[in-house]
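Here's the structure, in structure tokens; my notes come after.
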2 protein chains.
Amino acid sequence: MPRVTFDAAGSLLFQPYDVRGMRLENRVVLPAMVTRLSGEDGVVNDAIVDRYVRYATGEPGLMVVEAMAVHSAKSGPLLRASSSEFVPGLRRLTDACRAVSPTKTAAQIIHFLKIARSGWRQKVQDLTAEDLDRIVDDYGDTAARIREAGFDAVELHMAHAYTLSSFLSRYNTRRDGYGGRSIENRLRLPSRVLRRVRERVGDDYPIGIRYDGEEAIKDGYSVGEATAIAQRFATLGADYLSISAGGKFEDAVQTKGEPLYPYTGYSGDRCMPNVHYPDGLNVYLADGIRSGLRQRGLETPVVAAGKIRTPEFAEAILRDERADLIGMARQLLADPDWPRKVREGRSDAVVPCVYNNVCKALDERFHRVRCTLWRKGDLHAPPLPDDNSAPTWPTDARLQLDEQDGAIVLDWTRAEDAGEVYGYMVERGEGERWLHVDSARGSAHRFRDVSAIGGVDYRYRVIAYDLAGNRSEPLGPESIRIGDEHA
Amino acid sequence: MPRVTFDAAGSLLFQPYDVRGMRLENRVVLPAMVTRLSGEDGVVNDAIVDRYVRYATGEPGLMVVEAMAVHSAKSGPLLRASSSEFVPGLRRLTDACRAVSPTKTAAQIIHFLKIARSGWRQKVQDLTAEDLDRIVDDYGDTAARIREAGFDAVELHMAHAYTLSSFLSRYNTRRDGYGGRSIENRLRLPSRVLRRVRERVGDDYPIGIRYDGEEAIKDGYSVGEATAIAQRFATLGADYLSISAGGKFEDAVQTKGEPLYPYTGYSGDRCMPNVHYPDGLNVYLADGIRSGLRQRGLETPVVAAGKIRTPEFAEAILRDERADLIGMARQLLADPDWPRKVREGRSDAVVPCVYNNVCKALDERFHRVRCTLWRKGDLHAPPLPDDNSAPTWPTDARLQLDEQDGAIVLDWTRAEDAGEVYGYMVERGEGERWLHVDSARGSAHRFRDVSAIGGVDYRYRVIAYDLAGNRSEPLGPESIRIGDEHA
């Protein structure tokens with residue numbers, strides 16, 4: 001069957017991009033994602049190195065290594081860069097990544113406030129003037145260590161539920177010139193941090209900032225104030241602005257006896273949108289902020305993120321000048337080889353993310369973050385084997401469709417492969433197109449579609465794929481129509 | 001000064017549109033907005049008639065009269081159509097509107113569940129099979145009364161926190177085939193209602209449906225399921241789908257001793273986005289749903305709504321085929337003459353909504369809903385007088401700018417007018433453009449801009465306008481730069 005693949009050579013997505021002298025080979029950015037692979041000591045270990053080497057092998061333009069603390073506060077398994085003792089480990093990480101890939105590496109650095117299992121949490125209003133000075137010092141010192149450790153850039157975490165984001169927030173009610181309704185006041189500490197970091201890393205070192213384009217909580221800020229924030233950061237010489245959304249404590253759901261997890265409310269949905277949300281639902285934030293900057297003559301690049309998974313959509317965002325760089329987190333967790341595969345004209349070999357947020361649930365419980373599509377027990381995405389033979393279906397293979405309690409249940413025969421069947425993609429016919437609705441790991445053979453309505457013919461097919469990304473012929477299509485009347 | 005106005009003659013916005021034989025003279029739709037002008041008896045009174053006659057005078061294509069209950073449950077000041085005794089009042093309303101305007105009228109009909117001041121609320125899971133039959137009967141009977149009362153169409157309220165929306169919701173956990181994960185099951189009652197209404201009103205009568213394109217609550221549905229819902233409604237012969245968002249009980253904030261108001265959480269922000277949110281933030285919902293329908297060969301018109309205020313933006317949405325009709329609620333409350341003014345090439349005479357949601361706060365407290373820009377004490381937008389003379393500034397008029405606690409404070413001399421100065425528009429220079437940032441009633445002369453950052457030159461000007469929409473020359477521009485360092 002003919003396969004249409006993305007034309008990387010003619011794309012913007014695979015054009016190099018310069019960020020203050022840091023040359024990105026393409027415009028794919030891996031945003032910071034906590035792995036929970038580090039110990040409580042916050043030191044780089046083998047698992048951490050392996051994870052980022054695996055990402056680097058896929059060759060995104062920029063890879064942002066997960067948040068590391070600028071201070072010595074503990075927070076479960078989280079990297080730290082709060083003193084010089086952490087530098088050798090971080091150096092090992094950057095060396096290992098550079099050895100395998102042209103991918104540039106940034107380190108995200110974070111300050112967070114205290115939370116307790118009782119539900120109590122420290123707020124920005126609780127900080128003294130000395131605390132603020134200390135935060136500025138810690139960011140500056142840590143940024144210098146990041147440069148020393150060999151990272152190509154440093155990224156300041158000002159998003160979600162963390163300290164600097166909470167200063168930017170409309171929930172910051174400090175009355176000392178560092179909070180309140182005025183955006184200038186809420187910008188005061190983040191501005192001091194950015195200035196200090198610039199002093200410490202020098203004029204030739206890229207500084208990125210990740211922050212929320214919208215708080216996605218009642219009475220929170222959105223594009224209007226986010227654009228004023230961007231203007232300040234751009235004026236102070238930030239080198240890219242990576243736009244996230246939500247992830248706030250204010251609407252988080254407390255689980256008794258557990259520390260509050262800031263991705264459990266709707267703002268958490270908006271930060272890591274699940275299967276129910278449309279692709280690119282946060283792109284309007286990057287778009288609005290970017291056009292606000294350009295109107296003011298500021299050229300700082302803007303990174304869009306949030307359920308961007310196909311090269312065609314990523315390219316359209318760039319062509320329409322809605323963003324300059326494309327962030328892709330969970331899709332690169334599912335398949336770190338996305339950039340290489342797409343660049344090499346094999347975008348049909350990508351393992352698509354299913355956005356069921358098992359990775360998020362693992363993070364919440366401090367478990368090591370994995371993808372539900374990886375082989376059971378694997379700690380990282382398996383390497384790409386050299387294999388050109390696609391999975392095949394046994395001659396008596398069947399795709400069976402049944403109605404069950406208002407839903408459609410698919411059951412299929414397992415496929416065969418010279419190596420190993422890595423997974424199955426379930427596709428549903430929508431008019432002329434086949435839409436990917438879910439995937440299952442190679443050991444599975446069932447799917448329940450709860451999004452079908454009665455009285456309409458639905459067509460399904462299942463495609464098996466192996467570790468190298470080879471795909472079987474589709475099994476099916478088979479059709480079914482469920483009833484639309486009950487009792 | 002030269003004024004660029006919208007070219008209505010060449011626009012899609014002012015092309016007529018046919019909805020099952022109901023000819024709309026233009027594509028502006030007034031969505032249903034509760035007025036709190038009725039008594040607890042739910043009977044149409046003079047204030048209600050005056051309010052809708054005032055809207056009709058502005059000549060939107062379609063005007064949806066506020067929700068009226070299909071059942072006899074009381075809910076403060078809310079219209080009712082739950083028995084034949086309400087028909088004469090409703091007939092008086094439709095007659096009065098038809099006498100002054102070609103605007104078509106629809107009546108929105110609603111079923112809601114019980115809520116108590118204690119915080120308790122009835123849920124869809126509490127309803128018996130007989131209750132469901134009764135809801136179907138009530139909708140059918142009421143729709144027939146709506147037709148009898150002279151409305152041109154009936155609109156079924158399936159949005160926000162009300163009964164049918166709660167059936168569509170992913171929070172509907174009924175296990176009897178009317179709820180649960182399957183969208184077909186959650187559609188079962190709304191589908192029965194739509195079929196019954198069609199039986200009762202006949203094949204030549206338009207039926208609209210208003211529902212949420214996204215619940216905007218944690219784990220709620222979004223465009224994916226909203227498209228399946230649209231497909232069902234379209235297949236069953238709904239004549240337009242009016243897309244709202246949020247407005248749910250699940251994230252509402254309880255005020256002790258008050259009934260829960262479903263617009264107090266983030267989902268309430270998304271339903272009635274305030275000044276902080278960008279224009280048209282919910283258009284992607286209408287867009288996604290519409291394109292899903294068109295892919296399936298269904299031509300049902302889709303209404304977009306949510307902070308659409310300028311004719312240029314409305315026209316762009318239509319041209320880009322993101323929606324077929326434009327909903328505009330708070331902007332038409334602020335200035336019911338928007339459609340006429342724009343059609344007559346006087347779009348610069350529109351009184352722009354400031355989206356400060358004073359109207360929403362009045363609704364929440366069961367107070368009569370007014371606009372903050374109307375003259376103090378007026379119960380409706382004042383009529384347009386015949387007046388061609390614009391307000392003028394006294395020769396010593398001044399616009400003064402000061403810095404105060406990180407914000408910029410504007411203070412201006414009051415303008416003069418042969419009749420009356422109705423209000424002032426505050427505009428801020430952004431590059432080449434002047435952006436409307438707020439307005440003040442004619443009696444005011446101050447504005448505080450908290451969205452400015454330090455170290456940047458800001459320009460402001462103030463324009464006075466009278467009741468006829470005549471505008472003064474701008475006072476200013478004046479410039480200011482506030483500091484970006486503190487202490």
Side-chain angles (χ1 to χ4, degrees), chain A residues 129 170 176-178 180-185 187-188 191 214 216-225 228-229 231-232 235 251 253 264-269 273-278 281 284 288 292 295-297 405-407 430-433 450-456 482 484-487, chain B residues 129 170 176-178 180-185 187-188 191 214 216-225 228-229 231-232 235 251 253 264-269 273-278 281 284 288 292 295-297 405-407 430-433 450-456 482 484-487:
Chain A
R170 295 189 76 239
D176 63 344
Y178 283 90
R181 284 302 184 207
S182 142
I183 187 67
E184 173 58 33
N185 287 346
L187 268 165
R188 205 168 305 278
S191 301
E214 179 176 314
I217 48 176
K218 170 185 166 62
D219 294 331
Y221 75 70
S222 185
V223 175
E225 290 190 331
I229 294 168
Q231 185 176 5
R232 162 59 50 79
T235 307
D251 71 344
V253 179
T264 40
Y266 175 78
S267 76
D269 279 10
N274 64 27
V275 63
H276 290 286
Y277 293 92
L281 82 168
Y284 76 99
Q295 278 163 26
R296 290 164 180 80
D405 189 26
E430 300 279 3
E432 302 291 296
R433 305 181 310 163
V450 295
S451 69
I453 60 171
V456 170
I482 62 172
D484 61 347
E485 282 303 343
H486 182 82
Chain B
R170 295 188 76 239
D176 63 344
Y178 283 90
R181 283 304 184 204
S182 143
I183 187 66
E184 173 58 34
N185 287 346
L187 268 165
R188 205 169 304 280
S191 301
E214 179 175 315
I217 47 176
K218 170 186 165 59
D219 294 331
Y221 75 71
S222 184
V223 176
E225 291 190 331
I229 294 168
Q231 185 176 5
R232 161 59 49 78
T235 307
D251 70 344
V253 179
T264 41
Y266 175 78
S267 76
D269 278 10
N274 64 27
V275 64
H276 290 285
Y277 292 92
L281 81 169
Y284 76 100
Q295 278 163 25
R296 291 165 180 77
D405 189 26
E430 301 280 2
E432 300 293 296
R433 303 181 310 163
V450 294
S451 68
I453 60 171
V456 170
I482 61 172
D484 60 347
E485 282 303 343
H486 181 81

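Below, read A as the first sequence line, B as the second, and so on, with proteins coming before strands; counting in each chain starts at 1.
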Quick check: closest heavy atoms across B/L281 and B/P273, and the distance to 0.1 Å? CD2-CG, 3.3 Å
Largest heavy-atom contact set with chain B, pairs under 4.5 Å, which of A/R181, A/Q295, A/E214, A/R232: A/R232
What part of B/V253 gets closer than 4.5 Å to chain A, counting heavy atoms only: side chain, backbone, both or neither? side chain
Could you tell me which portion of B/D219 (side chain, backbone, both or neither) has an atom closer than 4.5 angstrom to a non-hydrogen atom of chain A? both
Counting heavy-atom pairs closer than 4.5 Å to chain B, which one of A/P278, A/G292, A/G224 comes out on top? A/P278
Would you mind checking which part of B/A216 comes under 4.5 Å of any heavy atom in chain A, side chain (CB onward), backbone (N, CA, C, O), both or neither? both
Turns out that what part of A/A228 lies under 4.5 Å from chain B's heavy atoms comes down to both
Taking side chain as everything from C-beta outward and backbone as N, CA, C, O, which of these in A/E225 sits under 4.5 Å from a heavy atom of chain B? Side chain, backbone, both or neither. side chain
Heavy-atom distance under 4.5 Å between the side chains of A/D251 and B/D251, does that happen here? no
If every non-hydrogen atom of B/I482 is compared with every non-hydrogen atom of B/G406, which pair is closest and at what distance? CD1-O, 3.5 Å
Spatial distance of atom CD1 (A/I229) from atom OG (B/S451) [nearest 0.5 Å]: 11.0 Å
Which one of B/Q231, B/H276, B/E430 has the most heavy-atom pairs closer than 4.5 Å to chain A? B/H276
Could you look at B/I217 and say if it's the side chain, the backbone, both or neither that has a heavy atom under 4.5 Å from chain A? backbone
Contacting region of B/N274 [heavy-atom separation from chain A under 4.5 Å]: side chain
For A/K218 and B/T264, indicate whether the former's side chain and the latter's backbone hold a donor-acceptor pair under 3.5 Å. yes
Residue part contacting chain A, namely of B/Y284, when any heavy atom lies under 4.5 Å: side chain
For B/I183 against A/A452, the heavy-atom pair lying closest together: CG2-O, 3.5 Å
